[in-house]
Amino acid sequence: QVQLVESGGGLVQAGGSLRLSCAASGRTFSSYTMGWFRQAPGKERKFVAAIRWSGGTTFYADSVKGRFTISRDNAKNTVYLVMNSLKPEDTAVYYCAADPDSYSSYYRLGVAYDYWGQGTQVTVSS
């Protein structure tokens, strides 16, 4: 119904930057709440950032606030995550997710999202 494909991951030195993209297909997602999550080996999947349909309201985990920026281009059915000042602890598989609820109050919880991408690996070296 909705397919999400992440791209942009890779290996980067600490202090560097990456931009992740999440391309949606199957239908438009202009009204969806969109989120980014990450999961490191042996750890639970954690919320990173989310954005409302308008693009004007964003949310961030404390661990990335001030360093990461989420944005969306509804005309392109694409969500972005710009990651600056990367740290080794940012190393994880990053997942894009979509929630049809435009105003979900559960944007920090993975179970609220109906659609998920396959993930893209981000590795930050010391």
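Values reported hereafter were calculated over all heavy atoms of this structure, with side chains retained and with hydrogens, waters and symmetry mates removed.
Under a 3.5 Å cut-off, the side chain of Gln118 and the backbone N or O of Val5 do not form any donor-acceptor pair. Judged by distance alone, with hydrogens and angles left aside, the side-chain atoms of Glu6 form a donor-acceptor pair with the main-chain N or O of Cys96 at under 3.5 Å. Side-chain atoms of Arg72 never come within 3.5 Å of backbone atoms of Thr33 as a donor-acceptor pair (strictly under, hydrogens ignored).
Applying the side-chain contact (heavy atoms from CB on, under 4.5 Å) test to Ser102 and every residue at least two apart in sequence or in another chain returns Ser31, Trp53. With sequence neighbours left out, the side-chain contact (heavy atoms from CB on, under 4.5 Å) criterion links Lys43 to Ala40.
If you chain together ILVMFWY residues whose side-chain heavy atoms come under 4.5 Å of each other, Trp116 ends up grouped with Phe37, Phe47, Phe59, Val93, Tyr95, Tyr107, Tyr113. Residues Tyr106, Leu109 make up the rest of the hydrophobic cluster containing Val111, defined by ILVMFWY side-chain heavy atoms closer than 4.5 Å, directly or through other members. Here Val82 is tied to no hydrophobic group at all, with no ILVMFWY side chain closer than 4.5 Å.
Between the OG1 atom in Thr123 and the CD atom in Gln13 there is a gap of 11.0 Å [rounded to 0.5 Å]. The OG1 atom of Thr58 sits 14.5 Å away from the CE atom of Met34 when rounded to the nearest 0.5 Å. In this structure, the separation between OG1 on Thr91 and CD on Gln121 is 7.5 Å, given to the nearest 0.5 Å.
Contact check for Tyr80 versus Asp73: side-chain heavy atoms found under the 4.5 Å cut-off. Taking the side chain as every heavy atom from C-beta outward, Asp114 and Gln1 never approach each other to under 4.5 Å. Put simply, the side chain of Val122 reaches to within 4.5 Å of the side chain of Met83, judged on heavy atoms. Contact annotation: the side chain of Arg38 approaches that of Val64 to within less than 4.5 Å [non-hydrogen atoms, C-beta and beyond]. With a 4.5 Å cut-off on side-chain heavy atoms, Trp36 and Phe68 do not count as touching.
Ala24 approaches Leu4 most closely through the heavy-atom pair CB-CD2, 3.6 Å. Pairing each heavy atom of Ser125 with each of Leu11, the nearest pair is CB-CD1, 4.4 Å. The minimum heavy-atom distance between Val12 and Leu18, with the atom names listed, is CG1-CD1, 4.0 Å. Across Ser17 and Asn84, no two heavy atoms sit closer than the pair OG-OD1, 2.8 Å. Taking every heavy atom of both residues into account, Leu81 and Ala49 meet most closely at CD1-CB, 4.2 Å.
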Practice prompt. Begin from the C-alpha positions of Arg52 and Ser104 and carry the test side chain to side chain contact (heavy atoms under 4.5 Å, CB included) through to its verdict.
Written response: CA-CA 9 Å; Arg52 299 293 195 201; Ser104 172; 4.3 Å; yes
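Remark: Lys65 engages Asp62 in a salt bridge, criterion side-chain N to carboxylate O under 4.0 Å.
Applying the disulfide (SG to SG under 2.5 Å) test to residues at least two apart or on different chains, none of the pairs has a partner in residues 43-80.
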